[in-house]
Amino acid sequence: MPGRDFGRTGTLPIGPGHDRAAVYGILWDTEDEPESWLRAGEGLSAAWLTATRLGVSMVPLSGVVETDGTRQTLRQMLAGLGFPYLAMRLGIADRAQAAPPHTPRLPTEQVVDTSAVDAGTR
């Protein structure tokens, strides 16, 4: 998928690690009910975990389904078979380029409160 043409050249150079070969997918179902949205979330979770395991980067793009016009366009692209819930951009990082550093995480004891469980064991 080529990058978008904004009508004029930008000032930032495109680096050698730029992903020019991304592919896009649509998460969809035949129903548009709350249960369908729940199943779509479960499907997204499974897809994301699988992509991570395979070394594929995945970026969810919800904006295209949040606007009725683009959601209907996506539905037409699905030949009216179902309702789109989410677009996904998939790509593989260039292994020759250094990866960005991982986001720092807080220690588990600072974000998980086990005091209720601990109190019940006393």
Test item: Ser45 side-chain N/O and Gly41 main-chain N/O as donor-acceptor pair under 3.5 Å: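 Pair absent, no side-chain N/O of Ser45 close to backbone of Gly41.
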
same_hphob_cluster([X], [Y]) at 4.5 Å side-chain heavy-atom cutoff:
X: Val112; Y: Leu106; answer: yes
X: Met88; Y: Ile92; answer: yes
X: Leu49; Y: Met58; answer: no

Approximate separation, where rounding is to 0.5 Å, of [X] [atom1] and [Y] [atom2]:
X: Leu44; Y: Arg39; atom1: CG; atom2: CZ; value: 15.0 Å
X: Leu78; Y: Thr73; atom1: CG; atom2: OG1; value: 11.0 Å
X: Thr70; Y: Leu61; atom1: OG1; atom2: CG; value: 11.0 Å
X: Leu81; Y: Asp29; atom1: CG; atom2: CG; value: 11.5 Å
X: Leu74; Y: Ile26; atom1: CG; atom2: CD1; value: 4.5 Å

Side-chain touch Phe83/Arg75, heavy atoms, less than 4.5 angstrom: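 With C-beta onward as the side chain, the pair touches.
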
Closest approach of [X] and [Y], non-hydrogen atoms and distance?
X: Val65; Y: Tyr85; result: CG2-O, 3.0 Å
X: Ser115; Y: Asp113; result: OG-OD1, 2.7 Å
X: Ala87; Y: Val64; result: CB-CG2, 3.7 Å
X: Pro84; Y: Trp28; result: CA-CB, 3.8 Å

Asp32 and Arg71 ion-paired at < 4.0 Å: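 A salt bridge is present here (some side-chain N lies under 4.0 Å from a carboxylate O).
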
